Novice: 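Structure in structure tokens, see below.
Just so it is clear, the structure is predicted and the values come from calculations on it, not from any experiment. No hydrogens, no waters, no symmetry mates; every other heavy atom, side chains included, goes into these values.
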Amino acid sequence: MTTTEARLRDGLQQLAGEARPSVGVPEVLARAARIQRQRRARQLVAATAAAVTAGLLGWVVLAPRPVTVQPAPLATPSVRPGVTTAVFGFTTGEPAIRRVITVRADAAADQVRLTVTEEIAGRPDDVRQHTYVAAPGRLFTTTVRTGLTVTLIPDVVRDAQLSGPIPGQLRRWTDLNTGVTLAASWDEGRGRDAQLIWIGSDGLVRTAPDTVLPSAGLTVGDTTLTVYRNAGRRDIEDGGWGVFGASGAVSPIVWGSPAGTEVRAFLSNVAQRASVGMLPHGASAVTITPAERARWTVGTMPDGSVWYLVLSEAEVSSDSSTHRLVRSIGYTDHTGKRVSYQPRLST
């Protein structure tokens, strides 16, 4: 998930009030193009981050109407019968092809009927429809065709992203009325090993309803990032890790190990600079000396790994992954020895 998608989605939710269950392809594409132009005009992230996020731009049109009230987190997902419909847009291939994927989930007491419709801009006769049946209250995911995967999550998902060697594009929509989340991903054959990861209504990071990943929430002021580790990803150094609440080079995948590293995080909702990284297991009495005026915090995951977040105090109009926020870090190791070092800057 990316934050760029979330920002686009937020703008589209404002437009979706007049959306209808039968949304036409031209209307979807016109809205998408307009939102993309507006967002690009306000883009302040440095070129490094922009290059990473540029391929993830997309659009979501909702039907029949948006819901603006978010319920309190639930310990147990509450799924109710009803119809959830979302229209997802992808720009794929070279030359670019604009695709519109409509996903409709009709949930009854005994089953969920999932209908996926594929449309391509400029090809009114090229429409494909696929129907699936899923068990109510259960995770359902299917590869509709090469490159396109659709997932139904029986929960009010707070955020979601793809993790993999080369993650693809992800779109999602959560229906607060029925308590389900619909997600569609496109990978162009590059991210076929990508894994869907989400934060559920209980605040835990998951890859399945019964699979929870180690995570830690790091809060400085009004800014919170959630870092997680995914030990199941043997194809990624250090098992793979990611950050929710950030975009660009940090989310959804970081190249290399976070240990002893300062990784720049690009935030969507604040104008400050931010960095994250991992300390050795058992590190205590942590002190961080920022390279500029900044605040910081540390947190420990259930697996014992210690993580930090540094957030600059000054607002900036541009940022770069090569800008260092951390001058040095000190901590006490498991033997009681005091250790001080300067983390390497990951670019």
Novice: State the CG-OG1 distance between D159 and T174, to the nearest 0.5 angstrom.
Specialist: 9.5 Å

Novice: Sub-3.5 Å donor-acceptor pair from the side chain of T261 to the main-chain atoms of A259, do we have one?
Specialist: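 Yes; judged by distance alone, with no hydrogens or angles, the pair exists.
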
Novice: Under a 3.5 Å distance rule, please check whether R98 uses its side chain to pair with a backbone N or O of G89 as donor and acceptor.
Specialist: no

Novice: How about Q169 and D187: does a side-chain donor come under 3.5 Å of a side-chain acceptor?
Specialist: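 Distance-only check fails for Q169 and D187.
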
Novice: Report the relative orientation of the aromatic rings in Y132 and F140; use parallel for angles under 30°, tilted for 30 to 60°, perpendicular for over 60°.
Specialist: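 Tilted: the ring planes of Y132 and F140 meet at 30° to 60°.
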
Novice: Could you tell me the separation between the CG atom of L311 and the CG atom of L325, rounded to the nearest 0.5 Å?
Specialist: 8.0 Å

Novice: Look at the side chain of D175 and the backbone N and O of G179, then say whether any donor-acceptor pair between them is shorter than 3.5 Å.
Specialist: no

Novice: Quick one: does any side-chain atom of T181 pair with a main-chain N or O of D155 as donor and acceptor, under 3.5 Å?
Specialist: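 Yes, the answer is positive, given that a donor and an acceptor are paired below the 3.5 Å cut-off.
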
Novice: Should the pair E292-R273 be classified as a salt bridge under the 4.0 Å nitrogen-to-oxygen rule?
Specialist: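 Yes.
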
Novice: Would you mind reporting whether L148 and T143 have side-chain heavy atoms less than 4.5 Å apart?
Specialist: no

Novice: Hey, mind stepping through V326 and I288 against side-chain contact (heavy atoms from CB on, under 4.5 Å) and telling me if it holds?
Specialist: CA-CA 7 Å; V326 180; I288 297 178; 4.1 Å; yes

Novice: With side-chain contact (heavy atoms from CB on, under 4.5 Å) as the criterion, how do I329 and T287 come out once you've worked through the C-alpha distance, each side chain's angles and the decisive distance to 0.1 Å?
Specialist: CA-CA 6 Å; I329 297 178; T287 59; over 6 Å; no

Novice: Find the distance between OH (Y308) and OG1 (T297) and round it off to the nearest 0.5 Å.
Specialist: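 Here the rounded value is 13.0 Å.
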
Novice: Can you list, by chain and residue number, the hydrophobic cluster partners of V212 when the side-chain cut-off is 4.5 Å?
Specialist: L204

Novice: Can you tell me if Q129 and T117 form a side-chain donor-acceptor pair at under 3.5 Å?
Specialist: yes

Novice: Are T141 and T149 close enough that some pair of their side-chain heavy atoms sits under 4.5 Å apart?
Specialist: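 The answer is yes; the side chains approach within 4.5 Å.
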
Novice: Donor-acceptor check, side chain of H334 to backbone of S284, threshold 3.5 angstrom: yes or no?
Specialist: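 Not a single qualifying donor-acceptor pair exists.
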
Novice: Locate the shortest heavy-atom distance separating L182 from A105; write the atom from each residue and the value.
Specialist: CD2-CB, 4.0 Å

Novice: Donor-acceptor pair, E118 side chain versus H130 backbone, under 3.5 Å?
Specialist: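 Side chain of E118 to backbone of H130: no pair is present.
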
Novice: Using a strict threshold of under 4.0 Å (side-chain N to carboxylate O), is an ion pair present between R123 and D125?
Specialist: no

Novice: Would E119 and R99 pass as an ion pair if we require N to O under 4.0 Å?
Specialist: no

Novice: In a check of side-chain contact (heavy atoms from CB on, under 4.5 Å) between L196 and each of L139, V157, I153, which one passes?
Specialist: I153

Novice: So L213 and T207, do their side chains get closer than 4.5 Å, heavy atoms only?
Specialist: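 Answer yes - side chains close enough.
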
Novice: Report yes if some heavy atom in the side chain of V306 is under 4.5 Å from a heavy atom in the side chain of H281; otherwise report no.
Specialist: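 No - every pair of side-chain heavy atoms lies 4.5 Å or more apart.
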
Novice: Any sub-3.5 Å donor-acceptor pair from R80's side-chain atoms to L176's backbone N or O?
Specialist: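 Checking the backbone N and O of L176 against the side chain of R80, a donor-acceptor pair under 3.5 Å is found.
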
Novice: Please indicate whether R145 has more than 12 foreign heavy atoms, meaning atoms of other residues, nucleotides or ligands, lying under 6.0 Å from its CZ.
Specialist: yes

Novice: Ion pair present between R206 and D210, side-chain N to carboxylate O less than 4.0 angstrom?
Specialist: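 Result for this pair is no, no salt bridge flagged.
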
Novice: For R264, run the side-chain hydrogen bond (donor to acceptor under 3.5 Å, both in side chains) check against S346, S320, S275 and tell me which one passes.
Specialist: S275

Novice: Strictly distance-based, threshold 3.5 Å: is any side-chain N or O of R158 a donor or acceptor partner for the main-chain N or O of S201?
Specialist: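 Confirmed, R158 side chain pairs with S201 backbone.
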
Novice: Restricting to non-hydrogen atoms, name the atom on A96 and the atom on T91 that form the minimum distance, rounded to 0.1 Å.
Specialist: CB-CG2, 3.7 Å

Novice: Would you compute the distance between atom CH2 of W198 and atom OH of Y228 and round it to the nearest 0.5 angstrom?
Specialist: 12.0 Å

